[in-house]
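Computed over heavy atoms, backbone and side chain alike; hydrogens, waters and symmetry mates excluded.
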Amino acid sequence: MNNDDEFYDAVTGLDSDESYEGASEASFKDAGVYDVTPRSNGSTSPENGIRKRRTTLPAPMFSRNNFSVWGILKKCIGLELSKITMPIVFNEPLSFLQRITEYMEHTYLINKACLLSDSIERMQVRGLCVSAFAVSAVASQWDRTGKPFNPLLGETYELTREDQGYRLISEQVSHHPPVSAFHAESLVGDFVFHGSIYPKLKFWGKSVEAEPKGTITLELLKHGEVYTWTNPFCCVHNVILGKLWIEQYGTVEILNHSTGDKCVLNFKPCGMFGKELHRVEGYIQDKSKNKLCVIYGKWTECMWSVDPQTYESNKKAEKKEEPEGVDGDDADNMPEVLETVAVIPGSTLLWRISSRPQHSAQMYNFTNFAMSLNELEPGMQATLAPTDCRLRPDIRAMENGDMDQASREKARLEEKQRSARKDRSKDEEEWSTRWFQSGTNPYTSSQDWLYKGGYFDRKYSDLPDIY
């Protein structure tokens with residue numbers, strides 16, 4: 001067994017050629033979660049990090065049962081919601097900059113791709129790792145029905161994780177339209193991961209749909225490979241009445257610009273009977289459109305790969321069953337999830353979601369990773385940029401359970417931002433971003449926000465006072 005195989009086994013928990021012959025849905029319904037996060041190498045703590053990160057919040061979430069948004073949303077059907085002010089009770093105590101940082105929760109998949117050799121066989125495995133990472137990047141949204149705080153113009157967020165080998169900086173580069181730019185890089189020069197997100201929100205009567213416009217780019221520097229994609233649509237159902245639930249849908253195309261290979265992932269909509277809820281199916285094809293492998297699973301659970309012939313044979317052999325679950329009268333009703341992923345014999349596990357804390361439901365359904373994003377330990381403030389969202393008083397008050405103070409601070413910050421915008425307009429002064437600049441993505445030729453560098457030099461004397 002070579003080093004690639006050994007690393008593959010460590011990440012997936014499987015032997016490289018191990019298959020799940022005869023595995024059933026029941027076999028995996030209560031399966032344990034593989035601990036696949038790379039361990040600390042014993043180096044000193046990152047300058048803005050904490051070795052032992054918290055696994056809970058200072059206060060549980062505030063009940064939303066006695067609040068209604070109908071009075072606010074009834075005039076907004078079909079409209080874009082970025083300019084609509086929502087009651088703070090429908091937020092979660094994170095900025096959207098911190099929310100997009102959750103893309104990095106499963107960075108071990110990128111590290112795995114970087115460590116694989118340059119053989120043709122391993123090139124395909126790298127594509128599988130990147131595809132699994134793209135799915136895992138949206139997995140934290142499962143049951144996350146709280147709205148992150150809109151970042152203030154000039155707001156930033158940084159995160160250094162030496163245990164996972166990367167550091168990240170993000171900045172709110174535009175307010176109308178709201179655009180958040182991020183740049184993450186390997187601490188040892190293996191990869192760069194960057195993008196700019198423009199989340200367009202629309203209200204459709206009973207649901208709110210989010211379209212995460214913007215390109216995401218992953219560069220595997222060691223292998224000279226570049227991948228780009230956009231995220232699927234996300235929809236929160238029953239925003240007026242009933243149990244809130246989330247689905248993601250749409251086609252995600254992950255293009256390897258170096259080889260021409262493409263992964264096409266179909267995030268399936270729930271459908272009439274709820275049978276397709278959370279399901280993802282797709283394939284990797286080469287530049288000649290030959291299918292190399294099939295990928296399937298659920299973005300809320302796990303992803304598997306199998307060769308196309310086996311997949312098609314299994315599909316033909318499946319017996320047709322009568323659909324069960326919710327009737328088709330109301331597409332917004334929460335379907336009952338009765339099954340997990342049916343594993344096809346011969347499949348290989350690519351990724352499995354990390355377990356959440358037992359008290360997650362009382363903590364905005366945060367993952368362990370999300371729990372730590374707003375943590376502020378003594379001494380950190382002296383290192384952080386004064387624009388870092390850990391220092392936002394409204395988010396901090398909400399995290400501490402003081403909703404009245406959070407509402408007052410949110411209103412104050414928004415008024416301060418409006419006043420600053422009026423002053424710039426009066427002086428005919430243009431807003432200047434600090435860490436990112438508008439430009440063209442060199443691989444897609446689309447408009448993008450690119451990192452200028454310099455953030456980690458810690459020269460923050462001329463940053464604006466936004467809080």
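Side chains of Lys147 and Asn150: a donor on one and an acceptor on the other come within 3.5 Å. Side-chain contact check for Thr156 and Thr387: at least one donor-acceptor pair (N or O, by modelled atom type) lies under 3.5 Å. In this structure, a donor-acceptor pair under 3.5 Å is present between the side chains of Thr228 and His257.
When the options Phe193, Tyr455, Tyr166 are evaluated for a ring pair (Phe, Tyr, Trp, His ring centres under 6.0 Å) with Phe182, the one that passes is Phe193. The side-chain contact (heavy atoms from CB on, under 4.5 Å) test with Tyr296 singles out one residue from Leu350, Asn266, Ile344, Val280, and that residue is Ile344.
The side-chain hydrogen bond (donor to acceptor under 3.5 Å, both in side chains) test applied to Thr101 returns no partner, not counting sequence neighbours. Every residue two or more places apart in sequence or in another chain that forms a side-chain hydrogen bond (donor to acceptor under 3.5 Å, both in side chains) with Thr217 is listed here: Asn441. Under the salt bridge (Lys or Arg N to Asp or Glu O under 4.0 Å) criterion, Glu399 pairs with Arg54, Arg396, sequence neighbours left out. Scanning for side-chain hydrogen bond (donor to acceptor under 3.5 Å, both in side chains) contacts around Asn400 gives an empty result, with sequence neighbours left out. The salt bridge (Lys or Arg N to Asp or Glu O under 4.0 Å) check on Lys268 picks up Glu276, Glu281, with sequence neighbours excluded. Every residue two or more places apart in sequence or in another chain that forms a salt bridge (Lys or Arg N to Asp or Glu O under 4.0 Å) with Asp394 is listed here: Arg392. In this structure, Phe96 has no ring pair (Phe, Tyr, Trp, His ring centres under 6.0 Å) partners at least two apart in sequence or on a different chain. Partners of Asn368 according to the side-chain hydrogen bond (donor to acceptor under 3.5 Å, both in side chains) rule, which considers only residues two or more places apart in sequence or in another chain, do not exist here. With sequence neighbours excluded, the residues satisfying side-chain contact (heavy atoms from CB on, under 4.5 Å) with Cys293 are Gln124, Leu128, Ile284. Scanning for salt bridge (Lys or Arg N to Asp or Glu O under 4.0 Å) contacts around Glu312 gives an empty result, with sequence neighbours left out.
Side-chain N or O atoms of Ser131 include one that pairs as donor or acceptor with a backbone N or O of Gly127 at under 3.5 Å. Judged by distance alone, the side chain of Tyr157 and the main-chain N or O of Leu373 form a donor-acceptor pair under 3.5 Å. Between the side chain of Gln98 and the backbone N or O of Ser95 there is at least one donor-acceptor pair closer than 3.5 Å. Formation of a donor-acceptor pair under 3.5 Å by the Ser258 side chain with backbone atoms of Gly224 is found in this model.
Evaluation of the salt bridge (charged side-chain N to carboxylate O under 4.0 Å, His left out) test over residues 250-259, restricted to residues two or more places apart or in two chains, returns Glu253-Lys262. Residue pairs meeting the salt bridge (charged side-chain N to carboxylate O under 4.0 Å, His left out) criterion with at least one member in residues 218-229, sequence neighbours excluded, are Arg126-Glu225.
Taking the ring centroids of Tyr451 and Phe436, they lie under the 6.0 Å cut-off.
Ring geometry for Tyr108 against His106 counts as perpendicular: the plane angle is over 60°, on a 0 to 90° scale with 30° as the lower cut.
Within the model, atoms OG of Ser360 and CD of Gln358 stand 11.0 Å from one another, a figure rounded to the nearest 0.5 Å. A distance of 9.5 Å separates CH2 in Trp435 from CZ in Phe456, rounded to the nearest 0.5 Å. Atom-to-atom distance recorded for Trp142:CH2 and Glu247:CD is 15.5 Å, nearest 0.5 angstrom.
Salt-bridge check for Glu92 with Arg99: passed, with a basic side-chain N closer than 4.0 Å to an acidic carboxylate O. Contact check on Glu102 versus Arg144 returns a salt bridge, with a Lys/Arg side-chain nitrogen under 4.0 Å from an Asp/Glu carboxylate oxygen.
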